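The structure appears right after this line, and notes come after that.
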Amino acid sequence: MTKLNEIIEFNKLETVNCDVCGSGKSSLLFINHDRLHGVEGKFNIVKCEECGLVFINPRPRKEFIDEWYPDTYEPYNVNPDDFYQRLADSLISAYYKENGSFLDIVKKCLCRLIYTPPPKSHKGRILDVGCGGGVYLHTLKKNGWDVYGVEMSAKAVGFAKEKMELPNIKYGTLEEAKYPGEYFEVVLMSHVIEHLFDPARTLHEVNRLLKKGGLLIITTPNIASVNFKIFGKYWFPLETPRHLNLFGESTLRKILQNSGFKVVSKQYDISSYHFIRSVGYVSAKLAILVRLARPVLILMGVLNGFLGKSDVFTIVASK
């Protein structure tokens, strides 16, 4: 008996329809497993024949999904002193400066190119759904935002409260937090929607919480990326089985519009990070060689971003 059958036998999986259009028609792309942490289990990666959403089917039931989120899970262990976190803090802080030096102007330009910071025009209460250890919220708080967060990891919540000194972090789901309606100017969902069991329900709750004209900034892997076509089941952002749904621009636009949002803008990532991680899944030795070609990778990342074919994209939507 295969491990997949063993898991089904113990009732740990459920068969689902497409979370975007509700269709029960899908085609199998391939079978995949947890390449990041090596937790046992094999899963069907399927594509909806109606709207093109890529998702796991059957997928882990909600009550068992924690088995695939070990304490070592990378987003729960972000180091605020890491070079890239310090760079992000520096660029975002420069973005919010009213006046600054020539270096600050350069940083502002880089910030707009690399990140999608919440706009100054909406500064007020901001909610980060899936805030992890609160490193990003800490930066926003330093720059004048009234910050709130919800997070499913008790370890990450503890870090956010104790180390990042963020008291307004709640443990649990967004729906369980029960914030009052029209309470926030901005809601962030960075690398969250792909983890949700009912993304439409959560988006409707976000809509309820936002003030009229408020913004949702949502970042997620791009299933329409060039690298997914190249790497297939070795594509790093698949992150089976934690990423239950994988969106392209068309499917994300559709679920946002169905939830009462109007898309304002989009931005595609220019990083080569996921390319390198994907190569590492194919061959660790090859990944070392690929890193030596950094200038080529940078060029490739910029080109993919310009063409809308990079590994990650961000959509800003208004209520």
Side-chain angles (χ1 to χ4, degrees), residues 4-5 7-8 11-35 41-65 68-69 129-130 152 173-175 187 189-208 216 218-229 231-263 266 268 308-315 317:
L4 179 59
N5 286 337
I7 291 173
I8 292 173
N11 204 29
K12 290 188 176 182
L13 299 186
E14 61 181 356
T15 301
V16 295
N17 291 343
C18 174
D19 275 324
V20 171
C21 70
S23 173
K25 298 179 180 178
S26 61
S27 53
L28 178 67
L29 297 180
F30 45 77
I31 296 173
N32 206 17
H33 63 272
D34 182 3
R35 297 179 187 278
K42 292 184 178 180
F43 302 90
N44 296 338
I45 308 297
V46 304
K47 184 175 184 178
C48 176
E49 294 180 3
E50 298 294 330
C51 72
L53 181 75
V54 173
F55 58 103
I56 296 175
N57 200 23
R59 70 185 185 189
R61 292 183 182 274
K62 187 181 290 188
E63 56 266 39
F64 297 109
I65 192 64
W68 285 275
Y69 285 88
V129 181
M152 289 293 293
T173 67
L174 177 62
E175 291 79 5
V187 173
M189 292 178 67
S190 180
H191 295 280
V192 168
I193 193 170
E194 62 270 22
H195 295 264
L196 298 178
F197 282 84
D198 192 345
R201 179 187 174 206
T202 300
L203 289 175
H204 277 96
E205 176 66 0
V206 171
N207 191 282
R208 184 186 74 81
L216 167 61
I218 187 164
T219 300
T220 191
N222 176 25
I223 200 65
S225 73
V226 168
N227 289 333
F228 174 65
K229 292 178 173 62
F231 292 103
K233 63 185 178 182
Y234 295 102
W235 188 53
F236 182 76
L238 279 176
E239 206 178 303
T240 309
R242 288 167 291 275
H243 289 182
L244 304 174
N245 294 299
L246 289 136
F247 297 84
E249 186 180 331
S250 62
T251 48
L252 186 57
R253 279 178 176 271
K254 183 170 184 177
I255 197 170
L256 284 169
Q257 289 163 358
N258 290 346
S259 303
F261 290 97
K262 179 182 178 181
V263 174
K266 61 184 179 181
Y268 282 83
K309 296 295 182 181
S310 59
D311 288 318
V312 174
F313 70 111
T314 298
I315 280 184

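No experiment lies behind these values; they were computed from the predicted model shown. Computation of the quantities below employed the complete heavy-atom set of this structure, encompassing side-chain atoms and omitting hydrogens, waters and symmetry-equivalent molecules.
Between Arg242 atom CZ and Ile56 atom CD1 the span is 9.0 Å, to the nearest 0.5 Å. With values rounded to the nearest 0.5 angstrom, Ser26 atom OG is found 10.0 Å from Leu53 atom CG. Taking CD1 from Ile255 and CG from Asp19, the interatomic distance works out to 6.5 Å, rounded to the nearest 0.5 Å. Annotation: the span from Trp235 atom CH2 to His243 atom NE2 amounts to 9.0 Å, rounded to 0.5 Å. In this structure, SG on Cys51 lies 5.5 Å from NZ on Lys254, to the nearest 0.5 angstrom. In this structure, the separation between CG on Asn57 and CG on Leu28 is 10.0 Å, given to the nearest 0.5 Å.
Closest approach of Asn17 and Gly24 over heavy atoms only: OD1-CA, 3.4 Å. What you find for Lys309 and Ala224 is that their closest heavy atoms are CD-O, 3.4 Å. Closest of all the heavy-atom pairs between Leu238 and Gly232 is CD1-O, 3.4 Å. Nearest heavy atom pair, residue Leu244 against residue Leu196, reads CD1-O, 3.7 Å. Taking each heavy atom of Asn44 and Pro58 in turn, the nearest pair found is ND2-CD, 3.8 Å. Contact record, Gly248 with Asn222: CA-OD1, 3.9 Å, taken as the closest heavy-atom pair.
Looking at Arg253, its side chain never comes within 3.5 Å of a backbone N or O of Ile315 through a donor-acceptor pair. Between the side chain of Asn32 and the main chain of Thr240, no donor-acceptor pair closer than 3.5 Å is present. Checked by atom type and distance alone, the side chain of Thr251 never pairs as donor or acceptor with a backbone atom of Phe247 at under 3.5 Å. Counting only distance, with no hydrogens or angles, the side chain of Arg35 and the backbone of Tyr234 share no donor-acceptor pair below 3.5 Å. Without hydrogens or angle criteria, Arg59 side chain to Pro241 main chain gives no donor-acceptor distance under 3.5 Å.
Among Ile218, Leu256, Val187, the single residue meeting the side-chain contact (heavy atoms from CB on, under 4.5 Å) criterion with Val206 is Val187.
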**Q.** side-chain contact (heavy atoms from CB on, under 4.5 Å) between Asp311 and Phe236, intermediate numbers included
**A.** CA-CA 9 Å; Asp311 288 318; Phe236 182 76; over 6 Å; no
Q: Could you check Asp34 against Trp68 for side-chain contact (heavy atoms from CB on, under 4.5 Å), going step by step and ending with a plain yes or no?
A: CA-CA 8 Å; Asp34 182 3; Trp68 285 275; 4.1 Å; yes
Q: Begin with the C-alpha distance, continue with both residues' side-chain angles, and end with the deciding distance and a verdict on side-chain contact (heavy atoms from CB on, under 4.5 Å) for Val312 and His191.
A: CA-CA 9 Å; Val312 174; His191 295 280; 3.8 Å; yes
Q: Go through Ser23 and Glu49 one step at a time and tell me if the side-chain contact (heavy atoms from CB on, under 4.5 Å) criterion holds.
A: CA-CA 8 Å; Ser23 173; Glu49 294 180 3; 5.7 Å; no
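Looking at Asn11 and Arg61, their side chains come closer than 4.5 Å, going by heavy atoms from C-beta outward. Looking at Pro221 and Glu194, their side chains come closer than 4.5 Å, going by heavy atoms from C-beta outward. Within the 4.5 Å cutoff, no side-chain heavy atoms of Arg201 are placed close to those of Ser259. Here the side chains of Leu203 and Ile193 are in contact, with some heavy-atom distance below 4.5 Å. In this structure, Phe43 and Leu13 have side chains that are in contact, with non-hydrogen atoms separated by less than 4.5 Å. Residues Gln257 and Lys262 fail the side-chain proximity criterion, which asks for heavy atoms closer than 4.5 Å. Counting heavy atoms from C-beta on, the side chains of Cys48 and Val20 never come closer than 4.5 Å. Two residues are said to be in side-chain contact when any heavy atoms from C-beta on lie closer than 4.5 Å; Thr173 and Met152 meet this criterion.
Using cut-offs of 30° and 60° on the angle between ring planes, the pair Phe30 and Phe228 is tilted. Aromatic ring orientation, Phe313 versus Tyr268: parallel (interplanar angle below 30°, classes split at 30° and 60°).
At most 12 heavy atoms of other shown residues, nucleotides or ligands fall within 6.0 angstrom of atom NZ in Lys62.
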